[in-house]
Asker: 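Starting off with a structure, shown below.
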Amino acid sequence: MCGIIGIVGTTEVASALYDGLTVLQHRGQDAAGIATVDGARLRLHKGNGLVRDVFNSAGVGKLRGRIGIGHCRYPTAGSEGTEEAQPFYVNSPYGIAFAHNGNLVNTEQLRKEMFEDDRRHIDTDSDSEVLLNVLAHELQLHDRSDLTPEHVFEAVSRVHARARGGYACIALVLGYGLIAFRDPNGIRPLVLGERVTAEGREYAITSESVALDVLGFKRVRDIEPGEGVIITEGGQLFSRRCAEGAVHAPCIFEYVYLARPDSMIEDVSVYKARLRMGEKLAEKILRERGPDHGIDAVIPIPDTSRTAASSLAQALGVPMREGLVKNRYIGRTFIMPGQGERVKSVRRKLNAIDLEFRKKNVLLVDDSIVRGTTSRQIIQMARDAGAKNVYFASAAPPVRFPNVYGIDMPAASELIAAGRTVDEVEKLLGADWLVYQDLDDLIWAVSDGNEDLKKFDTSCFSGEYVTGVDSAFLEQQEAMRSDNAKTERRTA
C-alpha cells in the first residue's frame, strides 16, 4: 500500500501536498516525494524516509506551482531502494510525473512488451515505472499537440486493457493537468474532493478521504472502478468509465487495518465498519463460550484494533482497559522491512500496565494476525505482567494467502496461519484460547455500510484472486517477498 494525492489549485499547492502526505503517512513510511509544475518546468523532490524527514520548509518552498502530486511509499516487492521513490518521471510525451498505489500481476509481461514492442527502457524493478511507461506509450500514440479528453480516455482504456492487478494512479502531465484512474475491479481506493476559495474552484484526488478533510476539501465521491478522471490546468473536470465488465471488488483489508478510522471508502465509514467487526466477533465468542466466558477485561493492541475492541467489550458486558501503552515514535510493525526489525520493534513499541493484567483473564484484541511475531510477543508480555489466562481475538479471519495487489504480506511460508488449523496457531502463539472473525461476518461488517457492495477482494483470507493469478506468478512473489530475499537485496 502507498498513499497518493494530487491537487489542481488556484494558488501554490506544495504545502497542501505536504500536509496531505503527513495525513497519509500510515500508508507508507519508507519514502516520500512531491512533483509540481512551475510554468513549463517540473519541480521534483523525493527521498527515503518519513515525509517530515524528506522535506523541510526550504525544500517545500522550491516546489513552486499550483498543480502537483505527492506519494508516500510502502516497500512492496521490488520497491525498496532510493531509486524507486515516487513520483516517477518520463519526459516523453509531454513530460509525465506519476504516483501509483497498488501492484500489477503481469509486470514481467508488460516489461517485455515495453522493451520489444514499445521501445521503452524500464530502469528500476518497480511495477509503478512499468505502468507509467504503459500510460506514456498510449498517450504517445496520439501524435498531435492538442491533447483532448477524448484522446486521454482512449489512452486510459488501453492501459486498462494491458494492465492487470490493483492500481490507483495519478499522473501529472506538463501543459495539461492531472489524469487519475483506478483499476477495473476498484481494488485500491481513490477519492475525489473539491473546495471553493476566493480565487476559484480547486480539486484534489487522494487515497483516503481523511486527507481531504484535513485540507478543507469536500469529499465528492469515490473514483469508480475503471474510471478515468481529468482535471485540466484551467480547472475543468472530465470523467469517463474506461473499462467495463469487471467485478467491483474493493480490498477488504483496507477496512481491517490499512485505512484510518476517520476515512470513508466506498461510502462506508471505516470506523463504523470496525465497530461492526467487534460486534460480530462478540457474537462468535458468546456462541462458542457462552455468557459465562470468564473474561475479566478486553485489552486492545494499539491502535488499529481499538475500535473493534470497544464494541466487542460492550457486547460482552466486559470493561475495556488500556493495558498496553504505545510509543508513538515507532513505526507500524506490519510494514517494517525485515523480520529482525519487527522483532526488535515490538518491545520498543509497546509496554504493559501490570495492574491491568495481574491475576486477570484478559482478552487481547488485534485487527489481524499475519506473521504472528507481534502477537506471540504481546501474549508473553501479558503473562509477564501477571495475567492468569491470556485469550486472543482477531477482528479478521486467518491470513493464509499472500496479497498480490499492493499489500506486502509475506511469502505464504511466513504466514502463521498458512496450512495450519486454528488450534495449531493457538499453540504457536502461546494463547490459552484463540478466536478469529469469520469471513462472512467480516464481509457483512463492511457491506452493511453500503448495500451496493456485493463483493470484496478477500484473497489473503480466501485465496481467491479477482484478477486471476497463475502459480508461476505466486512462486515468483514468494521468492521476492520473503524476508531472506529482502535482506539479500538490501545487503547487495
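All of these numbers come straight from a predicted model, not from anything done at the bench.
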Asker: Strictly distance-based, threshold 3.5 Å: is any side-chain N or O of S157 a donor or acceptor partner for the main-chain N or O of C242?
Answerer: yes
Asker: Check whether any side-chain heavy atom of L324 lies under 4.5 Å from a side-chain heavy atom of I378, and answer yes or no.
Answerer: yes
Asker: Are R52 and Q25 packed together at the side-chain level, in the sense that at least one heavy-atom pair is separated by less than 4.5 angstrom?
Answerer: no
Asker: What's the verdict on side chain to side chain donor-acceptor pair (under 3.5 Å) for E129 and H100, showing C-alpha distance, side-chain angles and the deciding distance?
Answerer: CA-CA 9 Å; E129 190 190 8; H100 165 222; over 6 Å; no
Asker: Please evaluate residues E356 and K360 with respect to the criterion salt bridge (Lys or Arg N to Asp or Glu O under 4.0 Å), reporting the C-alpha separation (whole Å), side-chain torsions for both, the decisive distance (0.1 Å), and the verdict.
Answerer: CA-CA 8 Å; E356 296 298 341; K360 293 181 181 178; 3.5 Å; yes
Asker: State, yes or no, whether a side-chain contact exists between V229 and I179 at a heavy-atom distance under 4.5 Å.
Answerer: no
Asker: Taking the side chain as every heavy atom from C-beta outward, state whether I223 and V191 have any pair of such atoms under 4.5 Å apart.
Answerer: no
Asker: Nearest 0.5 Å, please: how far is CG in L24 from OG1 in T206?
Answerer: 4.0 Å
Asker: Is any side-chain heavy atom of L312 less than 4.5 Å from a side-chain heavy atom of L281?
Answerer: yes
Asker: Test T107 against L131 for side chain to side chain contact (heavy atoms under 4.5 Å, CB included), laying out the working first.
Answerer: CA-CA 8 Å; T107 304; L131 193 52; over 6 Å; no
Asker: Please check if the side chain of D30 supplies one atom and the backbone of Y74 the other of a donor-acceptor pair under 3.5 Å.
Answerer: no
Asker: Hey, are D438 and R287 close enough for a salt bridge, meaning a charged N less than 4.0 Å from a carboxylate O?
Answerer: yes
Asker: Under 3.5 Å, is there a donor-acceptor pair between the side chain of N103 and the main chain of V404?
Answerer: yes
Asker: Which pair of non-hydrogen atoms, one from P250 and one from K455, has the smallest distance, and what is that distance?
Answerer: CD-O, 3.5 Å
Asker: Around atom CD of E451, are there more than 12 heavy atoms of other residues, nucleotides or ligands at under 6.0 Å?
Answerer: no
Asker: Checking A204 now: which residues fulfil side-chain contact (heavy atoms from CB on, under 4.5 Å) with it, not counting sequence neighbours?
Answerer: I7, L212, F217
Asker: Just so I know, are the side chains of V298 and V365 near enough to count as touching, which here means a heavy-atom distance under 4.5 Å?
Answerer: yes
Asker: I'd like to know if R219 and D267 make a salt bridge, using a cut-off of under 4.0 Å between side-chain N and carboxylate O.
Answerer: yes
Asker: Locate the shortest heavy-atom distance separating K46 from P87; write the atom from each residue and the value.
Answerer: NZ-O, 3.0 Å
Asker: Does the side chain of F181 come within less than 4.5 Å of I170's, by heavy atoms?
Answerer: no
Asker: Set out, in order, the CA-CA distance, both residues' side-chain angles and the distance that settles side chain to side chain contact (heavy atoms under 4.5 Å, CB included) for S462 and L439, then state yes or no.
Answerer: CA-CA 8 Å; S462 64; L439 181 56; 4.2 Å; yes
Asker: For residues 180-190, pull every pair meeting side chain to side chain donor-acceptor pair (under 3.5 Å), keeping only residues two or more places apart or in separate chains.
Answerer: R182-E266, R188-E254
Asker: Which residue pairs pass the salt bridge (charged side-chain N to carboxylate O under 4.0 Å, His left out) test with at least one member in residues 416-425, sequence neighbours excluded?
Answerer: none
Asker: Testing L415, I416, N403, I407 for side chain to side chain contact (heavy atoms under 4.5 Å, CB included) with V370, which one passes?
Answerer: L415
Asker: Tell me yes or no: between the side chains of Y271 and S263, is some donor less than 3.5 Å from an acceptor?
Answerer: no
Asker: Please report the shortest heavy-atom distance between L364 and A382, naming the atom on each side.
Answerer: CD1-CB, 4.3 Å
Asker: I'd like to know whether Y167 forms a side chain to side chain donor-acceptor pair (under 3.5 Å) with H160, so could you lay out the CA-CA distance, the side-chain angles of the two residues, the decisive distance to 0.1 Å, and finally the verdict.
Answerer: CA-CA 10 Å; Y167 51 90; H160 286 321; 2.8 Å; yes
Asker: With no hydrogens and no angle check, is any side-chain donor or acceptor of D367 less than 3.5 Å from a backbone partner on R274?
Answerer: no
Asker: Applying side chain to side chain contact (heavy atoms under 4.5 Å, CB included) to L350 and N327, what does each step give before you reach the verdict?
Answerer: CA-CA 6 Å; L350 295 174; N327 180 346; over 6 Å; no
Asker: Salt bridge between D213 and R260, side-chain N to carboxylate O under 4.0 Å?
Answerer: no
Asker: Does any N or O in the side chain of K284 come within less than 3.5 Å of the main-chain N or O of V435, such that one atom is a donor and the other an acceptor?
Answerer: no
Asker: Is there a salt bridge (Lys or Arg N to Asp or Glu O under 4.0 Å) between R328 and D303 once you walk through the steps?
Answerer: CA-CA 10 Å; R328 304 288 173 186; D303 280 317; 2.7 Å; yes
Asker: Spell out, as yes or no, whether a donor-acceptor pair under 3.5 Å connects the side chain of D296 to the backbone of N361.
Answerer: yes
Asker: What pair of heavy atoms forms the shortest contact from I69 to L17, and how long is it?
Answerer: N-CD1, 3.8 Å
Asker: Roughly how far, to the nearest 0.5 Å, is NZ of K280 from CG of D448?
Answerer: 9.0 Å
Asker: Tell me, with the steps shown, if Q109 and E113 meet side chain to side chain donor-acceptor pair (under 3.5 Å).
Answerer: CA-CA 6 Å; Q109 173 192 336; E113 291 175 5; 3.0 Å; yes
Asker: Taking the six-membered ring of Y391 as reference, does the NZ or CZ atom of R289 fall below 6.0 Å from its centre and within a 45° cone about the axis?
Answerer: yes
Asker: What's the spacing between C169 SG and N101 CG if we round to 0.5 Å?
Answerer: 8.5 Å
Asker: Between the side chains of R111 and D125, is the shortest nitrogen-to-carboxylate-oxygen separation below 4.0 Å, so that they form an ion pair?
Answerer: no
Asker: Could you grab the distance from atom CD1 of I301 to atom NZ of K349, nearest 0.5 Å is fine?
Answerer: 10.0 Å
Asker: Charged N to carboxylate O below 4.0 Å: is that the case for R276 and E279?
Answerer: no
Asker: Please check if atom CD in E283 has more than 12 non-hydrogen atoms from other residues, nucleotides or ligands closer than 6.0 Å.
Answerer: yes
Asker: With no hydrogens and no angle check, do the side chains of E84 and S126 hold a donor and an acceptor under 3.5 Å apart?
Answerer: no
Asker: Can you tell me how far apart CG (L442) and OG (S368) are? Round to the nearest 0.5 Å.
Answerer: 10.5 Å
Asker: More than 12 heavy atoms of other residues, nucleotides or ligands under 6.0 Å from CZ of R241: is that the case?
Answerer: yes
Asker: If every non-hydrogen atom of D366 is compared with every non-hydrogen atom of S375, which pair is closest and at what distance?
Answerer: OD2-OG, 4.5 Å
Asker: Roughly how far apart are E464 CD and F456 CZ, rounded to 0.5 Å?
Answerer: 14.0 Å
Asker: Can you check side chain to side chain contact (heavy atoms under 4.5 Å, CB included) on D53 and L50, steps first, answer last?
Answerer: CA-CA 5 Å; D53 299 325; L50 300 175; 3.6 Å; yes
Asker: Is any side-chain heavy atom of H71 closer than 4.5 Å to one of C2?
Answerer: yes
Asker: Would you name the heavy atoms of E108 and Q476 that are closest together and state the gap between them?
Answerer: CG-NE2, 3.5 Å
Asker: Tell me whether S311 contacts the main-chain N or O of L275 through its side chain, where contact means a donor paired with an acceptor under 3.5 Å.
Answerer: yes
Asker: Can a salt bridge be assigned to the pair E227 and R240 using a cut-off of 4.0 Å between side-chain N and carboxylate O?
Answerer: no
Asker: Determine, stepwise, if the pair Q86 / S128 fulfils side chain to side chain donor-acceptor pair (under 3.5 Å).
Answerer: CA-CA 9 Å; Q86 295 186 42; S128 302; 2.9 Å; yes
